[in-house]
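Notes follow once the structure below has been shown.
In what follows, every heavy atom counts, from backbone to side chain, and hydrogens, waters and symmetry copies are set aside. Because the structure is a prediction, the values reported are computed rather than measured.
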Amino acid sequence: MISTWSEWKRYPRAGRGENLEAPITPGIYEVRFAASGALHSFGAVDNVAQALALLPAASKSWFSRRAPAETPDLEYRTCATASKADAKAAADRMIGRRETYMSGAA
C-alpha cells in the first residue's frame, strides 16, 4: 500500500542546523533542483530518512586546498509505503509512466 506524497520541502543545508522531515519507514523519495525542477535523485528504499540523510547533495572538491563547491538549492518530497517491495513497485510504475510520457512527447 502506498500513501500520498508529502509537500515539497527545502533540503537542509549543512552547517545551518536544519533537519530532514522524512519517515523512517520504507518508501520513495524524490529530490529536485528548486530553480529548474530538474530531477536530482529518486529512489525506493527501506528507510527514507536515512537515504535522504546520506544523499550526496554537494559536489566534493578534488583538491584538499579548495573549499567544497556550493551546495545546490534542492527540494525533496517523500511517500511512505508498507514495505520496500511496495516502494519498488510504486517506483517502477512511476518510472514507466514517465518513460511513456517522454516517448510520446519526443
Side-chain angles (χ1 to χ4, degrees):
M1 177 170 177
I2 187 169
S3 64
T4 59
W5 283 99
S6 69
E7 296 294 319
W8 286 101
K9 299 171 187 158
R10 182 184 193 118
Y11 196 86
R13 294 184 185 195
R16 291 195 175 183
E18 300 170 338
N19 296 312
L20 280 166
E21 295 177 24
I24 57 172
T25 61
I28 307 167
Y29 68 88
E30 184 174 15
V31 181
R32 69 180 182 185
F33 293 95
S36 65
L39 184 65
H40 177 276
S41 56
F42 175 83
V45 294
D46 284 323
N47 184 322
V48 178
Q50 182 180 30
L52 285 172
L54 296 175
L55 189 71
S59 58
K60 305 277 191 245
S61 171
W62 286 94
F63 305 102
S64 61
R65 293 183 190 155
R66 283 210 244 151
E70 180 74 22
T71 303
D73 192 17
L74 301 174
E75 297 176 320
Y76 69 97
R77 67 180 181 164
T78 62
C79 183
T81 59
S83 68
K84 186 174 180 184
D86 289 344
K88 177 94 172 95
D92 289 344
R93 282 193 307 275
M94 290 175 67
I95 291 168
R97 284 195 302 256
R98 183 172 286 160
E99 288 173 352
T100 300
Y101 172 78
M102 294 306 285
S103 67

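For the atom pair Ser6 OG and Tyr76 OH, the distance stands at 7.0 Å (nearest 0.5 Å). For the atom pair SG (Cys79) and CG (Asp86), the distance works out to 10.5 Å, reported to the nearest 0.5 Å. Distance check: Asp73 CG to Arg32 CZ gives 10.5 Å after rounding to the nearest 0.5 Å. Glu21 contributes atom CD, which lies 9.5 Å from atom OG1 of Thr78 (distance to the nearest 0.5 angstrom). The structure places CD of Glu75 at 12.5 Å from NE2 of His40, a figure rounded to the nearest 0.5 Å.
At a threshold of 4.5 Å between non-hydrogen side-chain atoms, the residues Lys88 and Thr81 do not count as touching. Trp5 places a side-chain heavy atom less than 4.5 Å from the side chain of Glu30. Contact annotation: the side chain of Tyr29 never approaches that of Pro23 to less than 4.5 Å [non-hydrogen atoms, C-beta and beyond].
Here the closest non-hydrogen pair linking Ala53 and Leu20 is N-CD1, 3.4 Å. When all heavy atoms are compared, the tightest approach of Pro26 to Val48 is C-CG2, 4.0 Å.
More than 12 non-hydrogen atoms from other residues, nucleotides or ligands lie less than 6.0 angstrom from NZ of Lys9. No more than 12 heavy atoms of other residues, nucleotides or ligands shown are found within 6.0 angstrom of CD1 on Ile24.
In this structure, the side chain of Tyr11 does not engage the main chain of Ala34 through any donor-acceptor pair within 3.5 Å.
In the hydrophobic clustering of this structure, Phe33 does not group with Trp8; members are Ile, Leu, Val, Met, Phe, Trp, Tyr whose side-chain heavy atoms approach within less than 4.5 Å, directly or through other members.
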